[in-house]
Structure formats: structure tokens, C-alpha cells
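Below is one structure, written out as C-alpha cells; the observations come after it.
The sequence lines fix the lettering, A, B, ..., with proteins before strands; numbering per chain opens at 1. Just so you know, these numbers use all the heavy atoms, side chains as well, and skip hydrogens, waters and symmetry mates.
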Number of protein chains: 2
Amino acid sequence: MRNHQATIIDIAKTLNLSKSTVSRALTGHPNVKAKTRERVLEMADQLDYQRNQLAISLLTNRTQTIGIMVPEFLSPFFPRVIIGAQDVLAQAGYNVIICHSNESYATEIVNARLLLASRVDGILVSHTKDTRNFEHFKIFERKGIPVVFFNRIVDELDVSKVAVDDYEGAYRAVEHLINTGKRRIAHLSGPDSLLNSRDRLNGYRDALTDNQIPIDPALIISYDLTLDKANIYVNHLLNLPQPPDALFAINDPTAIEALKVIKNRGLRIPDDIAIVGFSDDPVSALIEPGLTTVAQPVDDIGRQAARLLLNQLAAEEDRPASELVVLPTRLIIRGSTSSAPLPGNPY
Amino acid sequence: MRNHQATIIDIAKTLNLSKSTVSRALTGHPNVKAKTRERVLEMADQLDYQRNQLAISLLTNRTQTIGIMVPEFLSPFFPRVIIGAQDVLAQAGYNVIICHSNESYATEIVNARLLLASRVDGILVSHTKDTRNFEHFKIFERKGIPVVFFNRIVDELDVSKVAVDDYEGAYRAVEHLINTGKRRIAHLSGPDSLLNSRDRLNGYRDALTDNQIPIDPALIISYDLTLDKANIYVNHLLNLPQPPDALFAINDPTAIEALKVIKNRGLRIPDDIAIVGFSDDPVSALIEPGLTTVAQPVDDIGRQAARLLLNQLAAEEDRPASELVVLPTRLIIRGSTSSAPLPGNPY
DNA sequence: CTGTTAGCGCTTTCAT
DNA sequence: ATGAAAGCGCTAACAG
């Protein structure tokens with residue numbers, strides 16, 4: 001059974017004060033006699049009083065709560081982003097509600113409604129791979145609730161965004177493969193609905209073209225990020241009449257799945273086929289061989305996104321112009337592309 | 001700038017109705033003319049109306065929100081538990097606020113206050129390794145807000161709890177090491193403040209004793225789960241005059257850290273030294289050699305904890321008796337203890 | 001079927 | 001320095 005939760009009225013009654021005075025004492029208003037404040041504080045403590053944030057939020061139209069929407073958080077990427085964001089937001093006095101949509105567009109819409117009903121003051125979003133309509137985010141904009149996209153960002157919304165330089169990261173990765181002598185470089189790409197997926201694909205293409213390597217459409221496979229599909233596609237690539245001598249994967253989980261398949265088939269990595277991933281998930285340093293990968297500043301993505309949101313929140317009057325932050329990536333070379341790791345390489 | 005958010009009063013005014021009628025139409029109350037309901041719904045849609053959950057919560061004294069407190073969520077364990085719990089809770093119409101205390105007792109207390117002020121209907125808790133005083137959880141109990149502990153549970157609170165059979169899991173793991181011929185089995189244990197740490201230690205001890213192997217205190221090291229310390233302790237163990245021939249680690253991250261140290265020193269696994277972890281983090285199957293580990297039903301821990309909480313929530317009158325659920329573990333044998341994996345082993 | 005009224009817990013004028 | 005009263009958005013009696 002739910003017990004009665006102490007309210008300022010309870011404190012007021014016991015102390016023979018008005019609730020106004022109690023409220024003032026509790027919030028640190030100057031116009032309260034020191035003695036009175038002391039008595040109020042003591043009684044509040046004694047009654048296990050906790051201010052009811054709901055009532056305050058209803059009054060002020062501010063919940064001090066930020067919603068974070070991510071497509072999943074089983075892989076280590078999004079939890080790390082969330083931790084970074086939460087750190088910055090907590091410092092500014094904001095709480096956080098986390099929603100994960102499990103890569104489902106329908107769930108994402110439900111979650112958006114939920115955050116709207118919870119009256120969050122702003123949201124941080126990385127959309128699902130199936131999201132092509134962004135109407136449910138525009139509602140926030142119309143209501144003046146700031147939205148910041150991160151990692152998976154969208155052109156068609158005029159909001160602040162944080163991304164990494166996916167094009168550049170992909171370009172450098174493929175360039176590295178070319179430098180190690182690879183020529184038939186396959187790309188296991190993500191769905192076309194994701195901008196970062198398209199950017200990485202473009203980086204891959206341009207790196208090949210700039211190095212006079214023709215693009216072979218048979219070596220480019222776009223898939224929906226479901227790992228068992230990755231398995232199928234890697235096998236498909238290896239069964240080609242002219243199989244690839246290198247694979248650039250859209251992300252680390254995909255690369256690791258590929259690595260497993262390739263090892264199972266008894267091929268040598270990187271001699272028969274080299275592999276590069278994207279993100280530098282912690283696993284990538286632990287597996288054998290270590291996975292060469294494009295590292296993203298994961299924490300920073302969250303921190304920056306939170307800061308952009310705070311910028312929007314700070315503006316009392318009309319919304320400040322939206323900002324775009326693009327963070328750099330860093331190629332980390334490990335055994336999956338280089339049998340003799342460079343000396344001095346910290347990995 | 002924050003725009004005005006449509007309220008039922010806005011709808012009522014535009015339609016020349018009373019707000020009660022609008023409220024009834026919106027909540028699906030039967031006593032509304034079909035035509036009226038239709039007009040209300042249409043106008044609500046047109047105005048981007050979203051019910052204000054704050055107002056309802058203030059009225060009903062129910063927020064339909066559950067707080068989940070975890071010590072960290074960088075390792076994959078807690079995110080997986082949270083996903084399981086969230087799944088069950090969402091089905092019952094509850095939202096979730098996630099707090100992580102970063103293994104800090106002080107942060108945990110702050111988070112508890114926060115959840116109290118947010119008026120959550122219940123909480124799921126796994127406490128920090130530094131939590132020895134549980135007063136901040138007793139406040140919930142006093143207010144009649146149900147609390148369920150999971151994974152890291154506590155004897156001194158009379159609440160529902162979900163754990164795995166840590167003792168049994170540890171016992172079987174050590175027994176397995178003995179069966180493979182190991183005799184000097186070290187244990188890298190967790191802090192004494194965690195019950196599951198103590199239980200695993202007891203399982204380790206009893207397995208040795210039952211097999212007539214004397215317990216050597218020099219081989220038991222209790223540490224604070226900070227991975228760089230694990231590194232130091234593993235080196236320390238290997239430097240002993242009589243180094244261990246096997247290591248049972250409190251969890252997989254510790255085991256993997258040990259594995260790295262041991263490989264770096266050029267020792268053979270499992271011949272020179274075998275390793276067993278605890279939890280079966282996904283990494284454990286990917287590293288080389290694969291890590292033998294005690295698997296926990298991670299999803300189920302979250303689901304069960306959520307169910308126990310719903311049981312408490314469902315009870316209108318006095319609180320139902322608290323329940324204890326102990327889930328089984330399963331030993332998964334991989335290369336770190338067995339150079340020739342058993343045929344038919346799915347891993 | 002619809003309108004009126006009270007009140008959830010709190011902050012904030014406006015009086016005193 | 002303190003009290004009285006209004007009101008945030010909503011639901012739920014209570015009237016009609």
C-alpha cells in the first residue's frame with residue numbers, strides 16, 4: 001500500500017505556518033526568519049519530505065528532463081554516447097529518460113509520443129534504420145522543444161547535429177587497404193536510409209577512384225545491419241569467381257562477423273583477405289587478429305550533442321541558429337590489415 | 001522560444017465545449033456523443049495536442065514510471081538486464097528512468113533522491129560496490145514505493161530480489177578446473193561488500209575443500225573491480241614462488257584482463273595456466289582462446305525483476321510478501337580451460 | 001450526454 | 001517576515 005507522502009502542507013500544519021512560508025524556507029528565499037527556516041528544514045527531514053517535482057514542472061512548464069532516443073543499446077556504442085551526454089546534462093541540472101526503439105520505426109514513434117507526454121525539455125536523437133519520415137520529430141520543433149541529432153543525422157531537419165567525418169574516415173580506411181597492396185576491396189555497407197552509411201560508401205568509392213581502381217558493383221553490398229545477414233553476404237563475397245582481397249565493413253560488429261566467417265573457412269587474415277571496421281568497439285582490440293578500424297570519439301559525440309542542446313535551451317527568446325559539429329575520426333591499424341604492426345603503434 | 005502547448009481547454013474553447021467533455025472524449029469515456037468525440041479527436045490532432053502526463057500524475061499520484069539504478073553500464077551486462085526489464089515493464093504500461101552511479105555511493109544517494117522527487121512508482125536496483133549503508137533505499141520502503149534488488153542484492157532489506165546461484169556457479173567452475181588436473185587454483189575475487197562476490201568466493205573454497213585441495217590464502221585476492229588493478233594482481237600472482245596453474249576470476253572483464261597479461265608473458269593457455277570467468281559477456285566467445293565462463297541468464301534477470309516489481313505494484317492493499325528468485329547458471333567450456341573442446345559443445 | 005466544481009502540490013504575486 | 005489566493009492541466013464526482 002502506498003503511504004502518504006509528506007507535502008509542504010503537512011510541514012506547515014505541524015509548525016503552524018502557511019504553506020507559502022514553508023515553500024520559501026525550502027527554496028532558500030531570503031525573506032524568511034533564520035529561526036523559521038531552521039524549524040522547517042528540521043521538520044522536512046523528520047517527515048522524509050521530498051519536493052514533488054511533478055507539481056513544480058506543471059507550474060513552471062519545465063521538467064528539467066531530457067529524452068535520449070537511440071535505435072539500440074546492446075552494442076557498446078550508444079551506451080558510451082549516453083554516458084557522455086548524461087555527464088554534461090547532469091552538470092546542468094537535467095535528468096535523462098532513455099528510450100531505445102530496437103531499430104523499429106513504429107516503436108520510435110511511440111517513444112516520441114511518450115517523451116512529448118512526459119514534457120521533456122529537449123531530446124537527443126539517433127533515429128532507426130527504418131526511419132524515412134521525420135514528422136514525429138517535427139512536432140517537437142513546432143512546440144519549440146529543441147532537438148539535437150547525433151551519429152545518425154538527417155538533412156531535412158533544421159536542427160543542431162553532431163556527427164563524425166564518415167566520408168573522411170572511410171576514405172582513409174580504404175586508402176590504407178590500397179597502400180597495403182589490396183586491389184579488390186569489397187564494402188559491406190549499411191542501409192541507404194542512413195546518412196552515415198551513404199557517406200562511408202562515398203568515401204570508399206572516392207578512395208578507389210582516386211587511386212585508379214575501378215569500382216566493381218559486385219563488391220558493394222548494402223544490408224540492414226542484421227548480423228546473420230552479414231554472415232550470408234560475406235560467404236557470398238568469398239564464393240565469387242574473383243573474390244575480394246579486402247573487406248571494408250560499415251561497423252565493427254559486421255567486421256567481426258566477417259572475421260569469424262573468414263577464419264572458419266581457413267583463409268589467412270590479412271594475407272588472403274584484410275578487414276577494416278568502423279567505430280573501434282572495445283572488442284576490436286581483444287579479438288585475434290586485432291581489428292583495424294576507424295575510431296570515433298564516442299564520449300565526445302554525447303558530450304557535444306548535450307552541449308548543443310544546452311545552447312538551444314539557454315536561449316530564452318527565439319531559437320538560436322542550429323549548429324553542426326563534425327568530429328574527426330582516427331584510423332587504428334591492427335593485425336587484420338597488417339601482419340607486422342607498425343612499431344610504436346599503441347595498439 | 002517555447003511555444004504554447006495545446007491543452008484540453010484550447011480544444012474546448014475552439015469547439016464550444018466544456019473541458020470535461022473534451023477530457024471524456026479523449027480518454028474514451030462512454031458518455032460522449034459519437035459526433036462530439038469525433039470533432040474533439042480531429043481538433044486534438046489539428047492542434048498537435050499531447051496529454052500532459054504531469055498533470056495526470058499529480059492527480060492520480062501515479063507516474064507510471066519505474067526507476068532503474070545500476071552501478072555502471074559500460075560493460076554489456078547491465079544494458080542487457082535493462083532491456084529485459086524494460087520489455088516487461090513497457091508491456092505493463094510503465095516507462096523507465098535509468099540512473100547509473102558509476103560505482104559511486106554518493107552518486108547513488110543523489111540518484112535515489114532524484115527518483116524520489118520524480119515520484120517513480122517503483123525502483124529496480126543493483127547497488128554500487130561501495131554501498132554499505134542502505135538507508136537511502138529504506139526511504140522508498142517507508143513511503144510504500146516497492147523496491148526490487150537484482151544481481152547485487154542485500155540481506156538486510158526485506159524486499160523482493162533476483163539473483164543467480166553464484167555459489168553453485170563458482171563451485172562448478174572450480175570443480176571443472178580440478179577435473180582438468182589443476183591444483184593451484186587462484187581466485188581474483190570482488191569486494192567483500194558484494195554478496196555475489198562473497199558467494200562466489202564460498203563456492204570456490206568449498207569446491208577446493210570437497211576435493212581435498214588445501215586453501216592457500218596467497219592465491220585469493222579480493223579487489224575493487226578496477227581493471228588496471230586486476231592487471232597488477234595477475235602479475236603479482238604469476239610472480240609468486242609457486243605461481244597458480246589456474247585462475248578463477250570474479251567476472252569476464254577481469255578474466256579477459258588476466259588473459260591479456262598471461263598471453264603477453266608468453267605463457268600457454270590453458271596448459272600453463274587456465275582461466276575461468278563469470279557472466280559470458282559476448283566478447284568471451286570472440287577472444288582467443290575462447291573464455292570458459294559461468295553464463296548467467298542476463299535477460300531473464302531483468303524480466304524477473306520487472307515481474308516481481310509488477311507483483312508488488314499490483315497489490316492494492318498491504319504489500320505482498322517479498323519474493324526471492326534464484327536463477328540457475330550454466331558452465332560454458334571454451335579454449336581457456338580445455339585445449340580440445342568437447343565435441344557437440346555449441347560454443 | 002454535457003457542464004460545474006474541486007483539488008492534486010507547488011510557486012508566486014499581492015496584501016498585511 | 002508571513003499569509004491568502006490564484007493557477008499550472010487534468011480527472012472525477014456531482015448536477016443537470
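Side-chain polar atoms of H4(A) and D10(A) form a donor-acceptor pair below 3.5 angstrom. Judged by distance alone, the side chains of S18(B) and T21(B) do bring a donor and an acceptor atom under 3.5 Å apart.
If you take CZ of R37(B) and C1' of dC1(C), they are 11 Å apart, rounded to a whole angstrom. Between K33(A) atom NZ and dA1(D) atom C1' the separation is 8 Å, expressed in whole Å. Here dG7(C) presents its C1' atom at 14 Å from NE2 of H4(A), a figure rounded to the nearest Å. One can place CD1 of I56(A) at 15 Å from C1' of dG7(D), the figure rounded to the nearest angstrom. Between the C1' atom of dT11(D) and the CZ atom of R62(B) lies a distance of 15 Å, rounded to the nearest Å. Per the geometry, NZ belonging to K19(A) stands 10 Å off P belonging to dT11(C), to the nearest Å. Rounded to an integer number of Å, the gap from L59(A) CG to dA5(D) C1' is 13 Å. Residue R24(A) contributes atom CZ, which lies 11 Å from atom P of dT11(C) at whole-angstrom precision.
Of the residues near DNA chain C, T7(A) and N16(B), the one whose nearest nucleotide (by heavy atom distance) lies more toward the 5' end is N16(B).
Ring-plane geometry between H100(B) and F73(B) is classed as parallel, the angle between the planes falling under 30 degrees on a 0 to 90 degree scale with a further cut at 60.
Shown are I98(B), L309(B), N95(B), V148(B); of these, the side chain to side chain contact (heavy atoms under 4.5 Å, CB included) with I66(B) is made only by L309(B).
Here S57(B) lies out of heavy-atom contact (under 4.0 Å) with every strand. Nucleic acid contact class of T60(A) (heavy atoms, under 4.0 Å, all strands): none. Across all strands shown, T27(B) has heavy atoms under 4.0 Å from sugar-phosphate atoms exclusively, and none from any base. At a threshold of 4.0 angstrom between heavy atoms, the contacts of L17(A) are confined to the sugar-phosphate backbone, with no base atom among them.
Of all nucleotides listed (dG9(D), dT11(C), dG9(C)), dG9(C) comes nearest to the side chain of A55(A). Taking only side-chain atoms of T21(A), from C-beta outward, the nucleotide of dG3(D), dG9(D), dT2(C) with the closest atom is dG3(D). Set against dA1(D), dG7(D), dC8(C), the side chain of N31(A) has dA1(D) as its closest nucleotide. The side chain of S23(A) lies closest to dT11(C) when the candidates are dG9(C), dT2(C), dT11(C).
At a cut-off of 3.5 angstrom, the base of dG9(D) holds no donor-acceptor pair with the side chain of R119(A).
Taking the six-membered ring for Trp, F134(B) and H127(B) have ring centres closer than 6.0 Å.
For R51(A), a side-chain nitrogen or oxygen approaches OP1 or OP2 of dT11(C) to under 4.0 Å. For dG3(C), one of the phosphate oxygens OP1 or OP2 lies less than 4.0 angstrom from a side-chain nitrogen or oxygen of S18(B). Taking side-chain N and O atoms only, S20(A) has no distance below 4.0 Å to OP1 or OP2 of dT12(C).
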